[in-house]
Amino acid sequence: MTEGQMLKKVGLIFCGGCNCYYDREKVWNRLLQSSAGLYRVSLWEEALDKEGSYDLVVVINGCSSECMVNEKYRATLLVIHNLNYENAAELVEEALRRERGSERS
């Protein structure tokens, strides 16, 4: 990252946890660890989203029902669920790379 370049902001949202097939907290911890110096992770706040403050919104669903996907987010949306959670950090990095590419276009 070059000097003066801002870290991308990733907002995380957790589903209600009614049907979890994996430990969502472990995914959260992995994302925090892998984000160091690459992007900034925080829990999603609706007020910030309305201001367009996030580059990526990640919904961490405990199953593949994809609840909360129908909400309106001002940022690119990535859904983590029981079929892709093991690759969550790589999926976030890939989504941010795509987002950077679309900014240059």
Determine yes or no for a side-chain-to-main-chain donor-acceptor pair under 3.5 angstrom, with Asn84 supplying the side chain and His81 the backbone. yes
Other residues, nucleotides and ligands only: do more than 12 of their heavy atoms fall within 6.0 Å of CD on Glu46? no
Taking Cys15's backbone N and O only, do any of them form a donor-acceptor pair with Arg24's side chain (distance below 3.5 Å, no angle check)? yes
Could you give the distance from OG1 (Thr76) to CD (Glu99), rounded to the nearest 0.5 Å? 3.5 Å
Within the 4.5 Å heavy-atom criterion, are Ser42 and Leu12 side-chain neighbours or not? no
Close side-chain approach of Val10 to Asp55, heavy-atom, < 4.5 Å: no
Within a radius of less than 6.0 Å around CZ of Arg40, do more than 12 heavy atoms belonging to other residues, nucleotides or ligands occur? no
Are Val59 and Leu77 packed together at the side-chain level, in the sense that at least one heavy-atom pair is separated by less than 4.5 angstrom? yes
Derivation of the side chain to side chain contact (heavy atoms under 4.5 Å, CB included) call for Ile13 and Val57: CA-CA 8 Å; Ile13 305 171; Val57 174; 3.7 Å; yes
Residue pair Leu43 / Phe14, side-chain heavy-atom distance below 4.5 Å: yes
Taking all non-hydrogen atoms of both residues into account, name the closest pair between Ala89 and Leu31 and its distance. CA-CD2, 3.6 Å
How many angstroms lie between CD in Glu86 and CG in Leu91, if you round to the nearest 0.5 Å? 11.0 Å
With the side chain counted from C-beta on, respond yes when Tyr22 and Ile80 share a heavy-atom pair under 4.5 Å apart, and no when they do not. yes
Answer yes or no: is there a side-chain heavy-atom contact under 4.5 Å between Glu93 and Tyr39? yes
Could you tell me how the ring of Trp44 sits relative to the ring of Tyr73: parallel (under 30°), tilted (30 to 60°) or perpendicular (over 60°)? perpendicular
With no hydrogens and no angle check, is any side-chain donor or acceptor of Asn61 less than 3.5 Å from a backbone partner on Cys63? no
Does any N or O in the side chain of Ser34 come within less than 3.5 Å of the main-chain N or O of Arg30, such that one atom is a donor and the other an acceptor? yes
same_hphob_cluster(Tyr54, Val69) at 4.5 Å side-chain heavy-atom cutoff: yes
Check the hydrophobic clustering (I, L, V, M, F, W, Y; side-chain heavy atoms under 4.5 Å; chains of links allowed) and say if Tyr21 and Ile60 are grouped together. no
Considering all heavy atoms of both residues, which atom of Arg98 and which atom of Glu94 are nearest to each other, and what is their separation? NH1-OE2, 2.8 Å
Given side chains that start at C-beta, do those of Leu56 and Val92 come closer than 4.5 Å, heavy atoms only? yes
